[in-house]
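Every heavy atom of this structure was used, including side-chain atoms; hydrogens, water molecules and symmetry mates were not.
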Amino acid sequence: MIKHAIVAALSAISLGATSGVWAAEAVSDTPALGTTPSGEGNVGRASANTDDKIGAGAGAGATAGTVDAQMIKRGEYLSRAGDCIACHTAGGGKPFAGGLGIASPLGTIYSTNITPDKDTGIGNYTLEDFDRALRQGKARDGHSLYPAMPYTAYANVTPDDINALYTYFMHGVEPVNQANKDTDIVWPLSMRWPLGIWRWMFAPDPVAASAAAGNAPATSSTPPTATAGASTPGAPATGTAATRAPTAAEMPDAPSDHDALLRGKYLVEGLGHCSSCHTPRGFALQEKAISDADGSAFLSGAVIDNWLAKNLRGDMVGGLGTWTKEDIATFLKSGRNSHAAAFGGMAEVVQDSTQYLTDADLNAIAVYLKSLPPVDPKATTPLAANPATAQALRTGTDKGDGAMAFLNNCAACHRSTGQGYAETFPQLALSSTVNTADPTSLIHIVLKGAQMPGTASAPTEYAMPGFDWRLTDKEVADVVSFVRTSWGNNAAAVSASDVAKVRKDVGAAPQPQR
């Protein structure tokens, strides 16, 4: 009770008595998906820099072989699992040089330079400094970091993996001399000392090596790397490392379901920091749960950046209850499957992070997510398909406003059956995105459109145009409500006022005048 009283008193001063999240909207210009050829984006440029540094002797001032190239590549893999590049690279900027604006309820926070530059980056950080920042939320000079940095999740990362990340950022990343930007948060909200109390309240203690060793087996922490003179994964590296996917022969034996479950838990709750977006926030903007042990709020879905980060639990209608493990792994690898396509912030996660994970790690994540029980343990019945809507559309017997809006704007891609085209135009019938209680994402997509990420396994970036310029709030409400109640879908209708709110929040074009 004392803790809650302290935080309640401080929240109005330093955390803001407003709704929202820390890891919120990127406000600086970011390149649109599809504008950068595969392999030439931020991840590709960072990887090229790393290969150059390994080939030159693993870092400025180091002789060849001083730093284990395998350790650098392992750290690179872990940085992708953590999607570090997404927040620490501004649009048009150099990899990891910071400067990306992140909107919070208090004002704009700018990501910091985490390249090994000694003047403006983290080049003077010791391993202990680096560990303290990632897992405890404390900068080198002792000030508390804003929880836009997901250190509540990174507290679950093992010291061994922290060491690999440190090796990568110190010896595999190109230093960039770029000063950090101050936040736009005004005094007194900019005072940092209350964040120490926030950490005391909500941040878990970092795991010890022995406590999480089973969660992060060394054989699956990173894909093996082909190296001249070293053919055994994990052997000391000499020469130049080649960046390629591991072959089947190089992959470790498939782990047991129990091992996969532990590995998936480690990735989801740790480096993947899935809870940062997919778990609702409390009164002090803390995640309501940071693991499944904290209750069913964990990964139950939350609105972020005016998108609904979906329920990842076992709910049949709005969660992953009807998805198989293979469906989840395919989605994370390619950004699409037979159920859905990645959009919004998740498209960037797939493009910059999950597509680079090994099949073993993708399977482990899927095993863990499929282990999570539904939020509503009584909702165990999936939706059943109903062909009546498709028949009415084909015969022209449904002339309602929603049906006509669908035929005129949507049916060419999503078809009168609502089935779409597999992995090209997502299905609407029985879709968890369509049937979720919160229609924010569906309204957002209709207004502003969306685009699939381009990945190595599915390079075509199919896109849906926005209809904000074409459809009024009522017309959007009509078509969204039609979709949410057709083909067996069973979700609540949407009102014009619901659409008007989302239109304003996402900066869509004004509705047309009829």
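- Applying the side-chain contact (heavy atoms from CB on, under 4.5 Å) rule to Ser371 yields the partners Leu261, Tyr368; only residues at least two apart in sequence or on another chain are considered.
- Every side-chain hydrogen bond (donor to acceptor under 3.5 Å, both in side chains) that Ser144 has, sequence neighbours left out, goes to Arg199.
- Test Asp83, Leu134, Leu165, Asn156 against Leu271 for side chain to side chain contact (heavy atoms under 4.5 Å, CB included) and you get one pass: Leu165.
- A search for side-chain contact (heavy atoms from CB on, under 4.5 Å) contacts involving Ala155 returns Pro204, not counting sequence neighbours.
- Judged by distance alone, with hydrogens and angles left aside, the side-chain atoms of His339 form no donor-acceptor pair with the main-chain N or O of Trp323 at under 3.5 Å.
- The side-chain heavy atoms of Asn113 and Ile122, taken from C-beta on, include no pair separated by under 4.5 Å.
- Just one residue in the list Thr354, Asp359, Thr358 forms a side-chain hydrogen bond (donor to acceptor under 3.5 Å, both in side chains) with Lys333, and that residue is Asp359.
- Defined by atom type and a distance below 3.5 Å, a donor-acceptor pair is missing between the side-chain atoms of Tyr166 and Asp161.
- The 12-atom threshold is not exceeded at NZ of Lys94, counting heavy atoms of other residues, nucleotides or ligands nearer than 6.0 Å.
- Among residues at least two apart or in separate chains, salt bridge (charged side-chain N to carboxylate O under 4.0 Å, His left out) pairs with a member in residues 137-146 are Asp129-Arg140.
- Screening residues 172-183 for side chain to side chain donor-acceptor pair (under 3.5 Å) gives Asp117-Asn177 as the qualifying pairs, with residues at least two apart or on separate chains.
- In this pair, Phe96 and Phe169 present their aromatic rings perpendicular. The plane angle is above 60°, beyond the 30 to 60° band.
- Listed by chain and number, the residues in a ring-ring contact (aromatic ring centres under 6.0 Å, His included) with Tyr154 are His273 (sequence neighbours excluded).
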